[in-house]
Amino acid sequence: MSPHQLPASRRRAPGTLNAKFACGDFGNAYRTAYFVDSSKTRNIFRRALLLTFLLLPAARSHAQTAAELPGNSAHSAKHPSTSDTWPPQAVRGSHAMVATDEALGSQAGVTILKQGGNAVDAAVAVAFALAVVEPAAGNIGGGGFMLVRLADGKTNFFDYREVAPAQATRDMYIQNGKLIPDASTLGYRSVAVPGTVAGLELALKTHGTMKLSQVMAPAIHFAKDGFPVTEKLVREFDEEKSGLEQFSVSKRIFLSNSRNKNHPYKVGDIFRQPELAATLERIVKNGAADFYRGKTARMIVADMQSNGGIITADDLANYQPKVREVLRAHYQIEGHRWDVLTSPPPSSGGIAIIEALNILRQTQLKGWNDLQSVRMVLEAMRRVFADRAAYLADPDYSDIPVAGLISDCYARELFATIDPQHASSSKEIKAGTPHACGISAGQSVPPNTVVSLGEGPHTTHFSVVDAAGNAVASTYTLNDSYGSHATSSAGFLLNDEMDDFTTQPGVPNALFGLIQSDANAIAPNHRPLSSMTPTMLLRDGKLSFVTGSPGGPTIISATLLSVINWMCLGMDAQAAINAPRFHHQWLPDQVVLEKEFSPAFEQALNANGYATKRKGHLGLVNAIGIDPQTSDRLGAADPRDHGSAVGY
Ligand code: DON
């Protein structure tokens with residue numbers, strides 16, 4: 001029996017200790033080279049059709065879910081407030097699995113898989129569907145990353161991160177030496193050139209088997225025929241009202257139900273987005289070219305011109321998604337070879353995760369009720385975030401010491417700086433001098449850094465594994481929840497990704513309080529540094545775990561913890577997601593703890609020198625594990641907010 005399929009008597013509650021699977025000294029860790037860029041009557045009928053389309057697959061998968069999880073469903077109907085109601089086990093499927101933030105998104109993916117599409121076809125379908133049903137983060141007006149691993153072992157990383165427009169300048173958000181409030185987070189000037197449509201088209205052309213018309217059909221149905229408004233959407237529209245009501249198109253689309261005297265939407269109302277449906281139909285007809293050079297491009301440019309934005313027709317026409325080499329590390333743990341496949345720059349997350357794992361392999365991790373294990377991870381996070389702040393930026397414009405940052409020798413030096421008895425101080429821990437093994441650290445002075453950390457509103461991660469074993473991990477975002485809160489006349493929200501640049505050297509960025517380097521300063525065509533970290537694990541060469549998270553900087557912590565939980569601590573798939581999370585990002589020098597940690601545990605951390613802060617939840621990890629014995633797909637969606645795993 002595999003470590004991931006323990007008999008019930010041996011299954012551990014999330015975060016508890018099982019010494020057999022304690023992780024420490026991961027064995028002979030080594031890495032491969034890192035490479036950058038080689039590049040209603042009628043309506044009732046229509047609704048019935050739509051419901052058939054949507055719910056048939058769902059009904060089947062939920063029946064299966066019920067078998068797997070007696071008395072439970074694959075996703076929670078209400079905003080779950082306590083972990084007591086969380087599903088203890090993953091959704092099991094013997095063929096394929098889709099795990100996303102939204103049941104409709106997961107069902108869209110499963111529909112495509114059942115029609116014969118592969119994981120990439122399904123992932124593109126999910127991404128377009130979430131752009132309609134999850135406006136907070138699903139998008140076509142933003143950007144993201146997609147990590148693909150095919151069943152034959154080939155991997156690709158699609159980078160469709162937004163870029164700064166040509167007219168963007170280093171100080172564009174500064175006036176009289178100060179950051180103009182909201183300038184980099186609200187409205188048309190905070191928008192970077194979107195990459196999602198180009199990236200999805202490229203991924204589909206490269207690895208998909210279906211046409212845009214097939215994979216976009218679910219999204220177009222949701223936009224045109226509408227879908228029932230959930231409690232989550234009502235809550236979000238209310239929470240985001242002050243931003244959305246500043247922009248006429250946003251106000252009209254999200255804040256007023258034209259079929260009900262323009263009252264706000266209520267749970268169960270049907271939410272239709274006709275302008276978005278028309279845009280999606282043009283993309284089906286003309287491809288991404290419509291978005292970047294066609295009618296949609298012209299609409300975006302007109303929006304910019306009338307609202308003070310700076311994105312031009314040339315900016316859109318010049319946008320290029322990139323295919324990058326996947327960042328890798330290998331570990332030997334208890335007789336098994338584990339491969340970590342993760343995100344290269346302009347994501348900071350892959351480097352951070354490998355660097356942290358390299359530090360942590362020097363110690364013994366036991367579980368999250370073990371103070372020392374939590375402390376070790378916190379100290380690794382502290383050091384990794386200090387390096388992130390100094391070294392990471394757009395790899396096309398800066399020389400990132402990737403090999404050094406992920407070197408085992410460097411990690412050993414960092415580990416040696418950890419006091420086993422007491423918290424380090426972030427005042428004393430600065431970025432290190434990364435170097436590859438056999439090459440001395442040199443005297444290089446870390447680049448200038450700017451400081452900060454806050455908490456991230458939204459972004460979304462989904463995972464897909466098909467029947468053949470092809471897998472996709474994808475995280476994409478508008479940055480803030482509802483992005484810039486400005487909606488294009490073409491019916492989709494526009495990102496505020498410009499805030500991921502170093503908007504004011506020496507000052508934390510507006511949304512996440514992250515300190516960032518000068519190398520991440522605003523410059524035309526540069527990609528802002530990201531924390532999004534779609535990641536996969538292979539066990540003895542076979543796909544084992546597909547993961548990733550939203551959460552700004554907490555993406556890195558949530559993803560890292562899911563990896564440790566599965567790979568090192570041998571947790572079941574759902575336990576690996578339910579386990580309590582914690583975060584440290586170097587500055588501010590404080591630990592962020594989910595509410596599941598006991599007061600006594602928090603006090604023990606305080607007694608050890610750690611300042612602590614509570615947060616309800618960190619990250620939303622929608623993961624899929626593979627049962628190494630049966631190859632069943634184990635869909636582990638995050639119960640923290642409506643995660644949904646659907647499989648068959
Ligand atoms: O790319 C990034 O790192 C950020 N724009 C992600 C923002 C995010 O995750 C917001 N929150 N949940």
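Comment: Arg161 does not engage Asp159 in a salt bridge, judged by the lack of any side-chain N to carboxylate O separation of less than 4.0 angstrom. Under the 4.0 Å criterion applied to side-chain N and carboxylate O atoms, Arg189 and Asp496 are not assigned as salt-bridge partners. A salt bridge is defined here as a Lys NZ or Arg NE, NH1 or NH2 lying under 4.0 Å from an Asp or Glu carboxylate O, and Arg614 with Glu602 meets this definition. We find that Glu281 and Lys224 are joined by a salt bridge, their nearest charged nitrogen and carboxylate oxygen being less than 4.0 Å apart. In summary, Glu240 and Arg235 do not engage in a salt bridge, as defined by a charged side-chain N under 4.0 Å from a carboxylate O. No salt bridge links Lys241 with Asp238; every basic N to acidic carboxylate O contact stays at or beyond 4.0 Å.
Within the 4.5 Å cutoff, side-chain heavy atoms of Val465 are placed close to those of Val546. Between Val377 and Leu561 there is a side-chain heavy-atom pair separated by less than 4.5 Å. Side-chain contact between Asn479 and Thr459 is absent, with no heavy atoms from C-beta onward closer than 4.5 Å. The side-chain heavy atoms of Ser557 and Met381, taken from C-beta on, include a pair separated by under 4.5 Å. Between Leu378 and Leu605, the closest side-chain pair of non-hydrogen atoms falls below 4.5 Å. The closest side-chain heavy-atom distance from Pro87 to Pro639 is below 4.5 Å. His642 has its side chain within reach of Glu231: a pair of non-hydrogen atoms, C-beta onward, lies under 4.5 Å apart. Contact of the Glu162 side chain with the Val193 side chain is not registered, since no non-hydrogen atoms from C-beta on lie closer than 4.5 Å.
One finds the CG atom of Leu478 at 8.0 Å from the CG atom of Leu494 (value rounded to the nearest 0.5 Å). Note: His617 NE2 to Arg640 CZ = 6.0 Å, rounded to the nearest 0.5 Å. In this structure, CG in Asp638 is found 10.5 Å from CG in Leu618, a value given to the nearest 0.5 Å. Within the model, atoms NE2 of His461 and CG of Asp101 stand 9.5 Å from one another, a figure rounded to the nearest 0.5 Å. Between the CG atom in Leu130 and the OG1 atom in Thr460 there is a gap of 5.5 Å [rounded to 0.5 Å]. To the nearest 0.5 Å, atom CE of residue Met97 and atom CD1 of residue Ile626 are 8.5 Å apart.
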Working for side-chain contact (heavy atoms from CB on, under 4.5 Å), residues Asp466 and Leu113: CA-CA 7 Å; Asp466 68 19; Leu113 291 169; 3.7 Å; yes

Worked verdict on Gln590 versus Thr612 for side-chain contact (heavy atoms from CB on, under 4.5 Å): CA-CA 5 Å; Gln590 70 183 5; Thr612 51; over 6 Å; no

Derivation and outcome, side-chain contact (heavy atoms from CB on, under 4.5 Å), residues Asp269 and Lys266: CA-CA 6 Å; Asp269 287 353; Lys266 302 185 308 304; 3.4 Å; yes

Test ring pair (Phe, Tyr, Trp, His ring centres under 6.0 Å) applied to Phe237 and Phe271, step by step: CA-CA 12 Å; Phe237 292 164; Phe271 184 45; 5.6 Å; yes

Residue pair Leu276, Ile140: steps toward the side-chain contact (heavy atoms from CB on, under 4.5 Å) verdict: CA-CA 10 Å; Leu276 178 55; Ile140 59 173; 4.0 Å; yes

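Side chain of Thr503 to backbone of Asp499: no donor-acceptor contact under 3.5 angstrom is found. Without hydrogens or angle criteria, Ser106 side chain to Ser644 main chain gives a donor-acceptor distance under 3.5 Å. Of the possible polar contacts, one joining the Asn118 side chain to the Asp121 backbone as a donor-acceptor pair under 3.5 Å is found. Without hydrogens or angle criteria, Arg633 side chain to Gly93 main chain gives no donor-acceptor distance under 3.5 Å. Proximity of a side-chain donor or acceptor of Asp290 to a complementary backbone N or O of Arg282 within less than 3.5 Å is not detected. Listed for the Ser348 side chain is a donor-acceptor partner under 3.5 Å among the backbone atoms of Ser530. Without hydrogens or angle criteria, Ser562 side chain to Thr559 main chain gives a donor-acceptor distance under 3.5 Å. Using modelled atom types, one side-chain atom of Thr535 and one backbone atom of Thr533 make a donor-acceptor pair closer than 3.5 Å. Glu275 contributes no side-chain N or O that, together with a main-chain N or O of Ser489, makes up a donor-acceptor pair within less than 3.5 Å. Ser598 places a side-chain N or O within donor-acceptor distance of the main-chain N or O of Phe601, the cut-off being under 3.5 Å.
With 3.5 Å as the limit, one finds no donor-acceptor pair spanning the side chains of Asn307 and Asp303. Between the side chains of His458 and Glu134, a donor-acceptor pair is found at a separation under 3.5 Å. The closest side-chain donor-acceptor pair between Asp632 and Ser94, if any, does not fall under 3.5 angstrom.
Closest approach of Met536 and Ala471 over heavy atoms only: CE-O, 3.4 Å. The two residues Ala288 and Ala198 come nearest to each other via the heavy atoms CB-CA, 4.1 Å. Closest approach of Val191 and Ser484 over heavy atoms only: CG2-OG, 3.9 Å. Closest approach of Val472 and Ala119 over heavy atoms only: CG2-O, 3.8 Å. Residue Ala623 comes nearest to Ser463 through the heavy atom pair CA-OG, 4.0 Å, listed as atom of the first residue, atom of the second, then distance. Closest approach of Val621 to Ile577, counting heavy atoms only: O-CG2, 3.4 Å.
When the shell of 6.0 Å around NZ of Lys251 is examined, it contains 12 or fewer heavy atoms from other residues, nucleotides or ligands.
The aromatic ring centres of Phe582 and Trp368 sit less than 6.0 Å apart. Under the 6.0 Å cut-off for aromatic ring centres, Tyr476 and Phe158 do not qualify, their centroids lying 6.0 Å or more apart. Residues Tyr482 and Phe254 place their aromatic rings such that the two centres sit under 6.0 Å apart. Aromatic ring centres of Tyr160 and Phe145 lie farther apart than the 6.0 Å criterion allows.
A parallel orientation is assigned to the rings of Tyr648 and His95, their planes being inclined by less than 30° (bins at 30° and 60°).
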